[in-house]
Amino acid sequence: MTVAAASSRPEWEIFCQVVDNFGDIGVCWRLARDLAARKPGGVRLWVDDWAVLQQICPPAADVDPRAGSVVEGVEVRGWEESFSPLAPGRIVVEAFACELPASQLEVMAAQSSPPVWVNLEYLSAEAWVVGCHGMASPHPRLPLVKYFFFPGFDPRVGGLLREPCLLQRRDAFVKDPAGRLAWLRERGVDIDPQTLRVSLFAYEQPGLGELISCWTTGARRISLLVPVSRVLADVAAGLGCPAPEAGAHIRRGSLDVHVLPFTDQDGYDRLLWASDLNFVRGEDSFVRAQWAARPFVWQIYPQADAVHHEKLDAFLALHRPGLPAATADAHAAFWRAWNACPGEGIRPARAWPAFSEALPVLAEHARSWCVAQAALPDLADNLTKFCSHIRQSPR
Ligand code: TRH
């Protein structure tokens, strides 16, 4: 097997398959940038959907997926059907069990010192993750061992993605008038401190229409900031208007809706930091909302057999301590309504009044939760230590 000598062996080689939405590439691109910032020139990222990569990383539009150009310190490459391996990374990350090409496994096994092979799993707050983190799975035929690496909130697992200086950057944006306020003004958003600024990034939400009418007739002014995404059709239905485009500003009673363009990941961070309450989804935006240290509502990625409801409850149980019982109940009721959890029986609009009343206490809790999670080592740090431990241990 000829291995293109195009590039030497990078430290990290990450494989990403886009299942749907933006989370797979969102997590992989963030990890790749983080590792590249810590080890310049040492990260190669393969992605099988260049169009999706371009949405969260616009510079990718200007490079040829086959050329292996370096974008933000990362060698990015298109993972095509006709995949031909390069000199493999010293550490190969298979993101979300995407299954490495057979030729890649062959070239890994052919190395005098085979790479460390890690399967990066999806984030979960469920307790079973602790027992599975670090588990090894020898390849049935090749001299390779795959290790399972679980992100998470428990100090015994892999942690959360949090690049160095993230929280300092956040605080600088929030505190600097030329930061947050200017960002809001540029988008024509009401900066009155009495106004509640809410960002909305969600999947389809049948209960949204009712919540929108609740917001239009509410006593408090609400500015709803909606990046273009799958929830926009439900927003339009709730407003009784055709699907608005990016840049649209629609006013209904106490509610102002601003439709924003989909931006790069750093642009999305600023939206989270500029808002008072963030509706997020999936995995990566869920984690970014926690680093924004503001109240947030999580729409978990729906899975078959509703197993996602267990994941949601696992996180709610972890996040609850420190909250007064009534606040915790209002918080859980609204989240469970937003995720149409069985047995909840109430819709988001019915759970909203108690939830919005709890916002000042939830804001305090969001800050202390962020501080507590930020006291734990971050995922890139843990992954690096995990792999160097494997490298040093006899294989
Ligand atoms: O897009 P998602 O719903 O991704 C989902 C989940 O990851 C889920 O766990 C996974 O199983 C499924 O994909 C396949 O949500 P997530 O994880 O929040 O990813 C969204 C990414 O998009 C995140 O990196 C933030 C980024 N983003 C931008 O870069 N710009 C934007 O304007 C917005 C709104 C998001």
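The model shown is predicted, which means the values in this text are computed figures rather than measured ones.
- Taking a 6.0 Å sphere around CZ of Arg169, one finds it holds more than 12 heavy atoms contributed by other residues, nucleotides or ligands.
- Between Trp335 and Phe296, the ring centre distance stays below 6.0 Å.
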(message) Does Leu383 form a side-chain contact (heavy atoms from CB on, under 4.5 Å) with Leu31? I'd like the steps, not just the answer.
(response) CA-CA 10 Å; Leu383 184 59; Leu31 173 63; 4.3 Å; yes

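- A distance of 8.0 Å separates OG in Ser368 from CG in Leu323, rounded to the nearest 0.5 Å.
- More than 12 heavy atoms of other residues, nucleotides or ligands lie within 6.0 Å of CD in Glu186, so this atom counts as buried by the packing criterion.
- The two residues Cys370 and Ala293 come nearest to each other via the heavy atoms CB-CB, 3.8 Å.
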(request) Would you please test Ser199 and Asn278 for side-chain hydrogen bond (donor to acceptor under 3.5 Å, both in side chains) and show each step? (result) CA-CA 5 Å; Ser199 80; Asn278 293 308; 2.6 Å; yes

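- The neighbour count for Arg350 CZ, taken as heavy atoms of other residues, nucleotides or ligands under 6.0 Å away, does not exceed 12.
- Distance alone, capped at 3.5 Å, places no donor-acceptor pair between the Arg77 side chain and the Arg44 backbone.
- Residues His309 and Asn339 bring no donor and acceptor atom of their side chains to less than 3.5 Å of each other.
- Between Phe148 and His133, the distance separating the two ring centers is not shorter than 6.0 angstrom.
- Summarising the geometry, atom CG belonging to Asp192 is positioned 7.5 Å from atom CZ belonging to Arg197; distances are rounded to the nearest 0.5 Å.
- Taking each heavy atom of Gly188 and His258 in turn, the nearest pair found is O-CE1, 3.1 Å.
- Side-chain N or O atoms of Arg251 include none that pairs as donor or acceptor with a backbone N or O of Asp256 at under 3.5 Å.
- Side chain of Tyr203 to backbone of Gly282: a donor-acceptor contact under 3.5 angstrom is found.
- For residues 31-61, every residue pair satisfying the ring pair (Phe, Tyr, Trp, His ring centres under 6.0 Å) rule, not counting sequence neighbours, is listed here: Phe15-Trp46, Trp46-Phe83.
- A cation-pi contact links Arg162 to Trp291, judged by a cut-off of 6.0 Å to the six-membered ring centre and 45° from its axis.
- In this structure, the side chain of Glu11 does not engage the main chain of Gly42 through any donor-acceptor pair within 3.5 Å.
- No more than 12 heavy-atom neighbours from other residues, nucleotides or ligands sit within 6.0 angstrom of CD on Glu357.
- Using a distance-only test at 3.5 Å, with no hydrogens or angles considered, no donor-acceptor pair links the side chain of Glu364 to the main chain of Pro360.
- Remark: side-chain polar atoms of Glu106 are not paired, donor with acceptor, to backbone N or O of Ala102 under 3.5 angstrom.
- Residues Val157 and Phe150 share a closest heavy-atom pair of CB-O, 3.6 Å.
- A donor-acceptor distance shorter than 3.5 angstrom exists from the side chain of Glu94 to the backbone of Glu99, with no hydrogens or angles considered.
- Proximity of Arg185 to Ile191: side-chain heavy atoms (C-beta onward) are separated by under 4.5 Å at one or more points.
- Residue His249 qualifies as enclosed at atom NE2: its count of foreign heavy atoms under 6.0 Å is above 12.
- Arg90 places no side-chain N or O within donor-acceptor distance of the main-chain N or O of Pro115, the cut-off being under 3.5 Å.
- Residues Gln17 and Trp79 have side chains that never bring a donor and an acceptor to within less than 3.5 angstrom of each other.
- Across all their heavy atoms, Arg320 and Ala325 have their closest contact at NH2-O, 3.8 Å.
- Judged by distance alone, with hydrogens and angles left aside, the side-chain atoms of Gln299 form a donor-acceptor pair with the main-chain N or O of Glu204 at under 3.5 Å.
- Minimum interatomic distance between Asn382 and Gly158 (heavy atoms only, all atoms of both residues): ND2-O, 2.9 Å.
- For residues 24-33, the side-chain hydrogen bond (donor to acceptor under 3.5 Å, both in side chains) pairs, not counting sequence neighbours, are Asp24-Tyr122, Arg30-Asp284, Arg33-Glu72, Arg33-Gln265, Arg33-Asp266.
- Around the CZ atom of Arg156, the shell of radius 6.0 Å holds no more than 12 heavy atoms that belong to other residues, nucleotides or ligands.
- Residues Asp305 and Gln303 have side chains that never bring a donor and an acceptor to within less than 3.5 angstrom of each other.
- In this structure, CG in Leu316 is found 8.0 Å from SG in Cys341, a value given to the nearest 0.5 Å.
- Within the 4.5 Å cutoff, the side chain of Val129 has no heavy atoms near those of the Asp154 side chain.
- Taking the six-membered ring for Trp and the full ring otherwise, His365 and His331 have centroids separated by 6.0 Å or more.
- In this structure a side-chain-to-backbone donor-acceptor pair under 3.5 Å is present from Ser254 to Gly218.
- For the pair Val145 and Ile390, the minimum side-chain heavy-atom distance is 4.5 Å or more.
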